Protein chains: 2
Amino acid sequence: MKTTTGDQALIKRMNTAIVLEAILQAEPLSRAKISEITGLNKATVSSLVQDLIDNQLVREIGTGVSSGGRKPVMLEFIATAGYAVGVDIGVNYLRGVLTDLRGAIIAEKKLPLQAPDADEVFNVLRPFIQTLMEKAPQSPFGIVGIGVGVPGLVDRAGSVLFAPNMGWRDVPLKEALSRTFGIPVMVDNEANVGALGERMFGIGRGISNMVYVSVGIGIGTGLILHRTLYKGASGFSGELGHLSVEAHGRPCRCGNRGCWELYASEQALLEQAEAAGYPRDLDELLEAAEAGDEQVLAMLRGIGEYLGVGISNIVNVFNPDAVVIGNRMSRAQPWLEEAVTQTVEQRALGFHLRGVHLLYAELGDRSAVMGAAELAIAAFFERLKSA
Amino acid sequence: MKTTTGDQALIKRMNTAIVLEAILQAEPLSRAKISEITGLNKATVSSLVQDLIDNQLVREIGTGVSSGGRKPVMLEFIATAGYAVGVDIGVNYLRGVLTDLRGAIIAEKKLPLQAPDADEVFNVLRPFIQTLMEKAPQSPFGIVGIGVGVPGLVDRAGSVLFAPNMGWRDVPLKEALSRTFGIPVMVDNEANVGALGERMFGIGRGISNMVYVSVGIGIGTGLILHRTLYKGASGFSGELGHLSVEAHGRPCRCGNRGCWELYASEQALLEQAEAAGYPRDLDELLEAAEAGDEQVLAMLRGIGEYLGVGISNIVNVFNPDAVVIGNRMSRAQPWLEEAVTQTVEQRALGFHLRGVHLLYAELGDRSAVMGAAELAIAAFFERLKSA
DNA sequence: ACAACTTTGTTTATCCAATAGACAAACAAA
DNA sequence: TTTGTTTGTCTATTGGATAAACAAAGTTGT
């Protein structure tokens, strides 16, 4: 491992990144304003901006209003300098978007999946992505990358180590896609990309430290700490769904006992419902709740309470600014919210003191695709910085 | 907040830090070797080393062995260029060390504490620190700082927000000490400094991601992620002792239910012992265990199992390279170890796969003081980098 | 309408850290 | 001795950032 030493090229890359960042955050912006914001000299800014313009990342969009002197030339980021593909692989569906570099959706596609067999999925996935890519207009950078979210454990190399609900084991997804398309591919866990999606384009915009709780069949979590996705020491973390909340509770297929997801997931609800003679179907249960079925409401409150138990633990551990509940169960918000909030308020240490916000996903079933696209976009910017 | 822009001074600071780091990690080292290791040009290294020598941080210690050419001039870090004070404030004791910049103990002091009243402690603390400081030989940088570990919640400003066992609330410890001594003061939680201590000087040397579990009256935790102490979003984290492991367990004074520390701390053991007619004293219980008292051994196994439950949760969340069990209960290692290991192996997801190590503190009751000193030393190096 | 002041963005000369390459000193081995 | 190697310094060059001067393009007060 070579230590990154400092030289002048590094300075230039750093400062270019700073300038670009400034424009992204508050466009349109003049050179003078950038100089003021960043503390860089006017001449430096001029020079760096020129480079950005030469690289087709920024353009002048005419003059702005003067405040008693020469009118400023306003600059903006060229969001259409390139495009990104985001894909959300579900157990029984495939969802994809083509976005520009600012995350605006250019094209969208959805497909039901039959057998989630790895080979089969790949055969469907390839033309699926291809079609999206073809929707992209001509642009300087073209398709900058493909981001993929998968409901399973993903390692640093982008291989799906284990996806129980898909029946996958050791599927080198990233490698396969890279080879097929010849452009950068990022693969990550569904909860992680969901977190990214809500953080960049949803309810979590601008929040520095956020925990995304993906409540579906199981419970997955995506941690955003200091504005970046946090991965554990060995790359795959976020297994908060398997935090034990009942030390001597039911055994879980993970080997542990009393895992949180056994008590607070969609599956937990469906099992309870079935035992009580209800259909094993979330939609029908939510309809019953809507109609005021007291038994269903009680079940939902129970789920909400257990959700709160786990969220309290998360709050105590990570001290996030916000917790976002997403994925399928977020649709039950009206009937969960009270129980969740109450439980967390009771249990989380100094909850009010910290000002943690309990939020619900804003992008609905698009959290993950959008996050997947963001994965590709972020990687593109990262490459810009280091070259 | 001003963005740190890049200029030549920044480069120089970065590269100087790289050179110093290289020397610290593998002294003694020649200029040529440093150039080779860091990738910096020989001339650059020469110049930077000269600066370090001028600043009394590095010195030449004669020539080394040649491998067929001019003999290299070996360089070493001047550990005695300054000294640091570390203090561990306990409920009924005060412990302090004076170390050089490499953490070698120059002087040590211990004092029993009567009433842990904040004012009183401060009155004892002042001369206590003063005495340690006077033991320091003359040096270019003098006493570079004072690090303090406290059994309580500490905010970013170094105020002790809440220390239940001391009966403290909102004690601006850092400010008070800063004013008294006029040198940099760092205050942090006991578990955090303990983690630092073991990481730098104990069993955790060189480990990048480590969780230190301080098992005393309560349970505190210090997280070291990516080689640095991790603090939650709002500065104080590490409340893993209050992770709920029994969702409907006993209410805890923190407001939550079934907190881990209710089942796995020294206090938990003492309560069980008392109920069974044993003396409420750890030493006597350990003696009984030593003598093979089956009832005591069973209690210790129970504690060990619960320790394992919590540690499994930690492993699942943070994926650390190692978990270190420290503080008073680490003395019970022989009777805890089996139960802990077994439980974690059963419960932590893919425990073996990850290669997590279960370790026990090496510095004994010195983990915290040494970490406190390290806090001051690290801050000194940090200041060097940014000025 | 005009002078005076402002703001914007470029140009110029200067500074400074890193670097390659030349070089001298110091040494081992043949 | 001779030859080749290693170490560390010296010199000229490169390339970014910067301050200061400046031109261009405004606004405002009288």
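Residue numbering restarts at 1 for every chain, and letters A, B, ... go by the order of the sequence lines. Here the structure is a predicted model, which is why all the values come from computation and not from measurement.
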Taking only N/O atoms, report every protein-nucleotides 20-25 of chain D pair under 3.5 Å with atom names and distance.
unit_1, atom_1, unit_2, atom_2, d
dA25(D), N3, R70(A), N, 3.3

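Heavy-atom contacts from other residues, nucleotides or ligands closer than 6.0 Å to CZ of R59(A) number more than 12.
In the helix from dA1(C)-dT30(D) to dA30(C)-dT1(D), the terminal helix axes, each the rotation mapping four pairs' C1' atoms onto the next four within five end pairs, subtend 0°, rounded to 10°.
Looking at heavy-atom distances under 4.0 Å, S66(A) makes contact with sugar-phosphate atoms alone, never a base. Among the atoms of the strands shown, none is found under 4.0 Å from any heavy atom of V45(A). Among the atoms of the strands shown, none is found under 4.0 Å from any heavy atom of S47(B).
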In a table with atom names and distances, give each donor-acceptor pair under 3.5 Å that connects a side chain of residues 68-75 of chain A to protein atoms at least two apart or in another chain.
none

Which donor-acceptor pairs under 3.5 Å do side chains of residues 197-204 of chain B form with protein atoms, sequence neighbours excluded?
unit_1, atom_1, unit_2, atom_2, d
E198(B), OE1, I203(B), N, 3.1
E198(B), OE1, E362(B), N, 3.0
E198(B), OE2, E362(B), N, 3.2
E198(B), OE2, L363(B), N, 2.9
E198(B), OE2, S367(B), OG, 2.7
R199(B), NE, I207(B), O, 3.0

Cut-off 3.5 Å, no hydrogens considered: what does the side-chain donor-acceptor table look like for residues 49-56 of chain A, sequence neighbours left out?
unit_1, atom_1, unit_2, atom_2, d
Q50(A), NE2, D54(A), OD1, 3.1
D51(A), OD2, K12(A), NZ, 3.0
N55(A), ND2, D51(A), O, 3.3

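Partner of V185(A) under the side chain to side chain contact (heavy atoms under 4.5 Å, CB included) criterion, chosen from I146(A), V87(A), L375(A): I146(A).
Ion pairing between R31(B) and E60(B) holds under the 4.0 Å rule for side-chain N and carboxylate O.
Taking S66(A) as the reference, nothing meets the side-chain hydrogen bond (donor to acceptor under 3.5 Å, both in side chains) condition, with sequence neighbours excluded.
By the 30° and 60° cut-offs, the orientation of the rings of F318(B) relative to F318(A) is tilted.
Considering only the side chain of I11(A), dA17(D) comes nearest among dA17(D), dG8(D), dG15(D).
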